[in-house]
Amino acid sequence: MKDADVISNIKSIYDMYEDKLSKELYLDRLNWLISGEYRYVEDIVKKSHPNIPTWNRKKEEEFVELLHKDKKTVFYGVGTFVERLVPYLKDRNIDIMFCDSDEKKQKEGVFGHRVMSPIELFQMKDSKNIVICSTKYYDEIKKYLEDNGIMQNEIVDIRAYFKCGTGDDYFYEDFLKYETEEIFVDAGCYNLATTKDFKKKCKGLVKSYAFEPDADNYQQCIKVMETEKDCLPNVQLYPYGTWSCETTLCFDASSDGCSHIGEGNNEIKTIAIDDVVDKRDKITFIKMDVEGAELESLKGAKEVIKRDIPKLAICIYHKPEDVITLPLYIKELVPQYKFYLRSYSNADNEMVLYAVL
């Protein structure tokens with residue numbers, strides 16, 4: 001590609017974006033990729049989520065050092081974040097406790113520890129650190145704790161110390177208009193959380209085509225489908241990666257949301273979305289979070305995209321070139337698409353490109 005073409009494409013993509021925030025995020029992203037200066041990431045976070053502290057690039061060990069050994073440490077909300085921290089806490093012999101409003105967790109416990117109820121927490125007289133283990137509901141939980149007598153200096157804000165998402169990805173923007181019957185493609189479904197979130201947001205979601213090539217994650221999906229049927233639409237689950245064609249590729253499996261096609265010792269089968277979707281179904285929404293395979297996955301869905309013109313929510317942060325290649329390819333498929341850009345993280349990840357009519 002000639003230098004003049006590169007500049008022309010960058011300018012063309014800038015003009016594609018429909019609102020001021022999208023244009024500003026696009027420029028900040030380009031500046032970050034070109035310069036590596038973290039102030040541009042800080043600008044993205046401040047513009048997108050002014051009440052959330054930007055990740056300060058510290059590590060788990062450094063966060064643990066903040067917790068006073070002479071205080072009890074209570075993790076409010078039991079999830080994957082806590083699981084990451086437990087080994088570091090055990091190494092420092094910190095007295096840890098868990099609190100969650102989920103009665104099932106209170107009954108079964110976690111990591112060999114019992115889980116107290118919020119009422120028990122409010123009755124504790126001990127000196128304590130309370131670590132709110134939620135980013136999406138942080139402000140809501142903090143207010144709830146303070147309304148019930150917890151002092152502000154007892155609450156530890158984790159968000160400056162970890163890369164974390166806001167939890168509002170994909171379905172909550174004003175420019176998204178939903179139909180009475182939505183059929184969803186969840187490419188990179190991990191544990192079906194995105195399909196569940198869509199069902200919660202849109203009662204018209206009737207079907208989801210879900211793709212998850214990581215074997216451990218796939219088993220999680222099976223379990224969710226068995227135990228949480230009420231939270232799901234009709235789900236057609238496939239143990240494949242999405243790609244431009246059916247093939248076999250090397251895969252780095254990490255049993256979390258970061259598994260990806262790469263140089264790993266594992267192999268996965270891939271498939272094109274066009275070859276899976278029932279031609280009688282009108283696809284209304286495609287979400288892709290496939291760790292760098294977005295362009296190839298879009299190529300494998302080009303017929304569905306051109307035919308049904310679904311809403312698209314495509315992660316655009318896994319590869320530096322994605323900020324240019326993905327919008328150009330989508331615009332080539334459906335010239336009438338309108339583009340928006342949004343960020344859902346306190347770091348340089350979780351940026352989503354939307355294409356809508």
Side-chain angles (χ1 to χ4, degrees), residues 13-14 16-30 32-33 40-41 43-49 52 54-55 135-136 163-178 182 184-190 192-198 200-202 205 208 210-211 242 257-258 260 273 283-298 301 305 309-331 333-334 337-357:
I13 294 167
Y14 178 84
M16 289 178 194
Y17 287 115
E18 292 291 317
D19 64 353
K20 180 182 177 183
L21 177 58
S22 297
K23 292 176 185 291
E24 290 180 350
L25 295 180
Y26 174 63
L27 293 178
D28 285 331
R29 184 74 184 178
L30 286 174
W32 157 241
L33 293 172
Y40 293 112
V41 175
D43 286 344
I44 289 171
V45 176
K46 289 174 183 176
K47 289 168 184 173
S48 302
H49 309 286
I52 295 180
T54 306
W55 176 51
T135 52
K136 183 174 183 178
K163 280 188 178 183
C164 56
T166 65
D168 292 325
D169 315 32
Y170 306 124
F171 309 121
Y172 298 90
E173 301 296 343
D174 292 341
F175 51 76
L176 294 173
K177 308 301 178 187
Y178 293 109
E182 293 276 338
F184 181 46
V185 172
D186 192 351
C189 67
Y190 178 32
L192 288 176
T194 306
T195 289
K196 285 168 54 180
D197 201 23
F198 194 4
K200 187 163 130 186
K201 169 64 179 175
C202 178
L205 176 61
S208 175
F211 299 84
T242 54
C258 298
H260 61 280
I273 290 170
I283 303 302
T284 61
F285 200 127
I286 297 176
K287 161 257 173 181
M288 287 183 182
D289 186 358
V290 286
E291 303 300 314
E294 282 79 8
L295 182 57
E296 290 299 317
S297 298
L298 285 166
I305 293 171
I309 316 183
K311 298 175 283 292
L312 303 180
I314 312 297
C315 288
I316 200 170
Y317 61 91
H318 294 116
K319 292 181 176 178
E321 63 268 27
D322 284 348
V323 292
I324 296 175
T325 57
L326 299 187
L328 289 177
Y329 182 73
I330 294 169
K331 197 71 169 179
L333 294 180
V334 182
Y337 266 139
K338 297 178 180 178
F339 289 87
Y340 294 86
L341 201 59
R342 292 294 184 267
S343 175
Y344 300 106
S345 172
N346 71 337
D348 60 308
N349 56 346
E350 306 300 332
M351 185 168 279
V352 177
L353 169 69
Y354 291 91
V356 298
L357 287 183

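Residue numbers count from 1 along this sequence.
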- When the ring planes of Y340 and F175 are compared, do they come out parallel, tilted or perpendicular, using 30° and 60° as the limits? parallel

List for me each residue that meets ring pair (Phe, Tyr, Trp, His ring centres under 6.0 Å) alongside [X], sequence neighbours excluded, and say none if there are none.
| X | value |
| --- | --- |
| Y178 | F198 |
| Y344 | none |
| W32 | Y38 |

Could you report the tightest heavy-atom contact between [X] and [Y], atom names first, then the distance?
| X | Y | result |
| --- | --- | --- |
| V323 | Y26 | O-CE1, 3.9 Å |
| N346 | T54 | O-CG2, 3.5 Å |
| P310 | I286 | CG-CD1, 3.9 Å |
| M288 | A301 | CE-CB, 4.4 Å |
| V45 | A347 | CG2-N, 4.0 Å |

Identify whether the distance between the nearest side-chain nitrogen and carboxylate oxygen of [X] and [Y] falls below 4.0 Å.
| X | Y | answer |
| --- | --- | --- |
| E182 | K311 | yes |
| R342 | D19 | yes |
| K287 | D169 | no |

- Among all residues two or more places apart in sequence or in another chain, which pass the side-chain hydrogen bond (donor to acceptor under 3.5 Å, both in side chains) test with T195? D186, S208

Check whether any side-chain N or O of [X] sits under 3.5 Å from a backbone N or O of [Y] as a donor-acceptor pair, and report yes or no.
| X | Y | answer |
| --- | --- | --- |
| E294 | G292 | yes |
| H318 | D289 | no |
| T325 | E321 | yes |
| T242 | S297 | no |
| K177 | D174 | yes |
| K23 | Y14 | yes |

Side-chain touch [X]/[Y], heavy atoms, less than 4.5 angstrom:
| X | Y | answer |
| --- | --- | --- |
| D348 | K163 | yes |
| L353 | D322 | no |
| P327 | Y17 | yes |

Interatomic distance, [X] atom [atom1] to [Y] atom [atom2] [nearest 0.5 angstrom]:
| X | Y | atom1 | atom2 | value |
| --- | --- | --- | --- | --- |
| I314 | L326 | CD1 | CG | 7.5 Å |
| I283 | I273 | CD1 | CD1 | 9.0 Å |
| Y317 | N349 | OH | CG | 5.5 Å |
| S48 | L21 | OG | CG | 5.5 Å |
| E350 | Y170 | CD | OH | 6.0 Å |
| L205 | F285 | CG | CZ | 10.5 Å |

- Task: Apply side chain to side chain contact (heavy atoms under 4.5 Å, CB included) to the pair L176 and V356, showing each step before the final yes or no.
- Result: CA-CA 7 Å; L176 294 173; V356 298; 3.8 Å; yes

- Query: If you draw a 6.0 Å radius around NZ in K47, do more than 12 non-hydrogen atoms from other residues or ligands fall strictly inside?
  - Reply: yes

- Message: Pair I13, F339 - check side chain to side chain contact (heavy atoms under 4.5 Å, CB included), show working.
- Response: CA-CA 9 Å; I13 294 167; F339 289 87; over 6 Å; no

- Report the residues that fulfil salt bridge (charged side-chain N to carboxylate O under 4.0 Å, His left out) with E296, sequence neighbours left out, ordered by chain and then residue number. K299

- Message: Determine whether L27 and Y40 satisfy the following criterion, side chain to side chain contact (heavy atoms under 4.5 Å, CB included), listing intermediate values before the conclusion.
- Response: CA-CA 9 Å; L27 293 178; Y40 293 112; over 6 Å; no

- Query: Considering residues at least two apart in sequence or located in another chain, which fulfil the side-chain contact (heavy atoms from CB on, under 4.5 Å) criterion with I309?
  - Reply: V334, Q336, Y337, L357

